[in-house]
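FYI, side chains are in, hydrogens and waters are out, and symmetry mates aren't considered; it's all heavy atoms of this structure.
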Amino acid sequence: QVHLVESGGGSVEAGGALRLSCVASGATSSVKAMAWFRQDPGKAREGVAAIFTGGGTSYYADSVKGRFTISEDSAKSTVYLQMNRLGPEDTATYYCAAANRFPWTTYMLVASEYSTWGQGTQVTVSS
């Protein structure tokens with residue numbers, strides 16, 4: 001069993017930056033990929049960024065390419081999401097997720113590929 005805890009959310013003005021952290025505990029050796037999703041009330045959960053664990057390739061939604069960076073510190077069992085040039089459209093609850101099997105690369109940003117989820121952290125960007 002893997003447990004995920006996110007942190008780092010908050011309120012920023014447009015153009016600002018935040019870094020989210022997701023610490024994994026438990027059976028972390030079983031984690032094959034990790035990802036960040038976000039969700040606004042009334043909207044579907046959107047895949048933002050994902051990475052194969054152990055220094056693998058990263059994947060991004062078109063809406064965040066060039067602004068967000070996902071990274072991993074395997075020694076700390078932590079995945080980060082560095083978010084730069086934030087805009088009001090980035091306002092959402094951000095969730096960390098872990099997959100215990102290798103997703104097909106085309107499905108790296110698909111929520112159903114991930115079996116473990118954190119509780120979420122709120123990001124609010126004001127214009």
Polar side-chain atom of [X] near backbone of [Y] as donor-acceptor pair, under 3.5 Å:
X     : Y      : answer
Glu6  : Thr121 : no
Thr28 : Ser25  : no
Tyr94 : Gly8   : no

[X] versus [Y]: any side-chain heavy-atom pair under 4.5 Å?
X      : Y     : result
Glu72  : Thr53 : yes
Lys65  : Tyr59 : no
Val64  : Met83 : no
Met34  : Leu4  : yes
Val123 : Leu18 : yes

Non-hydrogen atoms of [X] and [Y] that approach each other most closely:
X      : Y      : answer
Val5   : Gln119 : CA-OE1, 3.8 Å
Thr78  : Ser21  : CG2-CB, 4.3 Å
Tyr114 : Ala50  : OH-CB, 3.6 Å
Val2   : Ala24  : CG1-CB, 4.3 Å
Glu46  : Ala61  : OE2-CB, 4.4 Å
Arg38  : Ala92  : CB-CB, 3.8 Å

Between atom [atom1] of [X] and atom [atom2] of [Y], what is the distance when rounded to the nearest 0.5 Å?
X      : Y      : atom1 : atom2 : answer
Asp62  : Leu109 : CG    : CG    : 9.5 Å
Thr124 : Asp90  : OG1   : CG    : 11.0 Å
Ser127 : Glu89  : OG    : CD    : 10.0 Å
His3   : Thr116 : NE2   : OG1   : 10.5 Å

Check your understanding: Does a donor on one side chain sit under 3.5 Å from an acceptor on the other, for Gln122 and Thr93?
Key -> yes
Review point. Quick one: do the Arg19 and Tyr80 side chains pair a donor with an acceptor below 3.5 Å?
Key: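 Judged by distance alone, the side chains do not pair up.
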Practice item. Can you label the angle between the Phe102 ring and the Phe52 ring as parallel, tilted or perpendicular, going by 30° and 60°? Key: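 The arrangement is tilted - the two ring planes meet at 30° to 60°.
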Exercise for review: Run the ring-centre check on Phe68 versus Trp36 and record whether the distance is less than 6.0 Å.
Suggested key: no
